[in-house]
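In what follows, chains are A, B, ... by sequence order, proteins preceding strands, each numbered from 1. This structure is a prediction, so every number in the text was calculated from the model and none was measured.
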Protein chains: 2
Amino acid sequence: MAVTIRDVAREARVSVASVSRALNGSPAVTDETRQRIASIAARLRYVPHSAARSLITKRTQTIGALLPDLYGEFFSELIRGIDLAARAKGLHLLVSSSHGDADEAAAALRAMQGRVDGMLILSPHVDAEFLRANLPESTPAVLLNSALKSTQFDVLNIDNYGGAHAMTRHLLDAGHAGVAFIGGPDDNFDAQQRERGYREAMAAFAPKATAKIVAGDFSEESGYHAGRVLAKDSKPVRAVFAANDMMAVGCLRAFAEAGLRVPQDVALAGFDDIPIARYITPALTTVRVRIADLGRSALESVATAIEKPGRARNAAQTLACDVVVRASSRDDGRPTKPV
Amino acid sequence: MAVTIRDVAREARVSVASVSRALNGSPAVTDETRQRIASIAARLRYVPHSAARSLITKRTQTIGALLPDLYGEFFSELIRGIDLAARAKGLHLLVSSSHGDADEAAAALRAMQGRVDGMLILSPHVDAEFLRANLPESTPAVLLNSALKSTQFDVLNIDNYGGAHAMTRHLLDAGHAGVAFIGGPDDNFDAQQRERGYREAMAAFAPKATAKIVAGDFSEESGYHAGRVLAKDSKPVRAVFAANDMMAVGCLRAFAEAGLRVPQDVALAGFDDIPIARYITPALTTVRVRIADLGRSALESVATAIEKPGRARNAAQTLACDVVVRASSRDDGRPTKPV
DNA sequence: AACCCGGATGAAAACGTTTACATTTCACCG
DNA sequence: CGGTGAAATGTAAACGTTTTCATCCGGGTT
């Protein structure tokens, strides 16, 4: 049924070996025969059977991506970055996402076994034990946004610390001496780093002020509660830095209800630059994460890990973030309009 | 290096055929030997070489998804639906997205050749000719959101028409006799269907009123311009239905600048239910599209097309939408708060 | 006791490539 | 003109499965 290398060989009156060589660009074949074979292959619409090739070469030209249940923008951007880089390298992308728990993730990881040359892993369930049990050590892998320190895998993180540090500094620079922080879940790696960035920036640039931290869990609701707490506080704050945008949105709602004006009475900032951030009123100052870059870098790391198996692992890399200043931290009377 | 079926066979003192049978659940093997083989396979961490298997079975257990350059939420939800359904069926998902033009899409489609058992195709560049040239007719495929009428492939569409029809009716029901429409790009299939839904609902439920349509192109800017046009109009409208949410957002901004209050002076509705919709002020009434369902249905269609190659194609299916009523079309004094 | 039948197992072919090794060809040199 | 070596091409093994067909074995039937 399907046309194989034999059909091409017969038609071109050469051996299958020559066809293989011609099509794979081996130098050991005349330009003339290469031409003939190529044109015949094209005419017959021959396409090599990838399974047969994989069987002998032990390469699938495919990278697997293991992702948790991610929200909209982040997921899209990450895949975009990965996909673009993969296509540039001629690699395919096998995706398995939406894993609710560690068992699902483990099953998915094992199912990819042998179908991929390397893996991109982003999952809150991943720890050293998990990997040892579910990932053959021969498989190159890159861990995204993981607290894990591994010599076996590359680790690629967002610079949560740097972003939070810079944002805290921005709020202090704008003259808001008292900056409060709304934290994320205790066990969340991103949240921990962001809080650390806040603390250290406070210590460095406002040594006299004390850091003030309200607990949250990244949900809008928790931001709302934190906002109520802060609004009622005896010592009013001049600026609030939420560990993510959703909490900032909730906090904004609480402030509105309490009659606090943003940014006139209190400045507000978030983290992530979700699409909503620029459309709420006032538009939210936040930290933009270059998610597509994260995906691209991750793919490139795993690609080189595949090409050069012996090479030393990178130290854990981090990817820079940008502070994006919008109306919520800018009391200068400019109209609130999407940036 | 890697453990093969031979290693398991040797260890179990049995032929490779028996191992294959035992592991694939063939009835022609004693429960006792099956047990023994299974436990040995587990102990050796044997995992069948998928390429070798594909070579002989002609199946890859993989579905390919060809997607254009999609924006955040839509992409994520679609993949989520596809991914979940794929996992339920034990299928893998090969993704190729972010295609800017027809040539890129064609290249990606051809590259997937032989690596997948079936395809999910969502692309503005797809027409009959494109498919004939790039998709082997033996490959089962499902077209998403395509204007194409094909007997060869299943086609799965969002019920743009029904959603727009229902929304127009909702706006009319609320007493807003004059409903204007902001259209999308002329060549866009979704936009055409939505406009048709609006027109026919107007003709059916408000035969005396004339349909009033302002051109747009799905961008926020175009919504803003349309809003200015509508605000200045000599005959003021009581309700505006934008063909997508982004234009509704732009329109809202124009109305705010013109001093028009939403919903008191004019009701406003969009289409898509993007995440932003519920966070703007007032929250936007819109049509929710069940994107994950679209993905799930598409995957299930292609899966059955693979399992039962001979069966008759479905007529083009459409997936229902829901009208989501929020503050922007509800002048009842309820507080504006996320739903 | 000869026969047959069905169930469990094994031997080997087949899938479509790549590649190590063998063979042919041919120009060039002594 | 035979020999040499490099370049081009061919032959066949190998990759790890699944599956067809053959074999073996035990028990029931005649």
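Rounded to the nearest 0.5 Å, atoms CG (A/N145) and OG1 (A/T318) are 11.0 Å apart. The CG atom of B/L66 lies 6.0 Å from the OG atom of B/S123; values are rounded to the nearest 0.5 Å.
Partners of A/D103 under the salt bridge (Lys or Arg N to Asp or Glu O under 4.0 Å) rule, at least two apart in sequence or in another chain, do not exist in this structure. Applying the side chain to side chain contact (heavy atoms under 4.5 Å, CB included) rule to B/S54 yields the partners A/A51, B/T60; only residues at least two apart in sequence or on another chain are considered. Partners of B/E32 under the salt bridge (Lys or Arg N to Asp or Glu O under 4.0 Å) rule, at least two apart in sequence or in another chain, are B/R36. Considering only residues two or more places apart in sequence or on other chains, A/R115 meets the salt bridge (Lys or Arg N to Asp or Glu O under 4.0 Å) condition with none of them. With sequence neighbours excluded, the residues that form a salt bridge (Lys or Arg N to Asp or Glu O under 4.0 Å) with A/R132 are A/E129. With sequence neighbours left out, A/S15 forms a side chain to side chain contact (heavy atoms under 4.5 Å, CB included) with A/A17, A/S18.
With hydrogens and angles ignored, the 3.5 Å screen pairs no side-chain donor or acceptor of B/S20 with any backbone N or O of B/V16. In terms of modelled atom types and a separation under 3.5 Å, the side chain of A/D117 and the main chain of A/Q61 share a donor-acceptor contact.
Counting non-hydrogen atoms under 4.0 angstrom, B/S20 reaches a base of the nucleic acid.
Screening A/S97, A/S76, A/S98 for a side chain to side chain donor-acceptor pair (under 3.5 Å) involving B/S76 leaves a single residue, A/S76.
Look at CZ on A/R21: it is 14 Å from P on D/dA7, rounded to the nearest Å.
Near DNA chain C, meaning a heavy atom under 4.0 Å from it, residues 50-62 of chain A has A/A52, A/R53, A/L55, A/I56, A/T57 in order of number. Listed by residue number, A/A28, A/V29, A/T30, A/T33 are the residues of residues 25-36 of chain A with a heavy-atom contact under 4.0 Å to DNA chain D.
Of all nucleotides in DNA chain C having an atom under 4.0 Å from a heavy atom of chain B, the first and last in 5' to 3' order are C/dA8 to C/dG16.
The salt bridge (charged side-chain N to carboxylate O under 4.0 Å, His left out) contacts involving residues 50-73 of chain B comprise A/R80-B/D69, where partners must be two or more places apart or lie in separate chains.
Comparing the helix axis at one end of the helix from C/dA1-D/dT30 to C/dG30-D/dC1 with that at the other, each defined from 5 consecutive pairs, gives an inter-axis angle of 70° (nearest 10°).
Heavy-atom nearest nucleotides on DNA chain C were determined for A/N24 and for B/S18, and the one closer to the 5' end corresponds to B/S18.
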Below 3.5 Å, can you tabulate the donor-acceptor pairs from side chains in residues 104-113 of chain B to any protein atom, sequence neighbours excluded?
residue	atom	partner	partner atom	Å
B/E104	OE1	B/G100	N	3.1
B/R110	NH1	B/N134	OD1	2.5

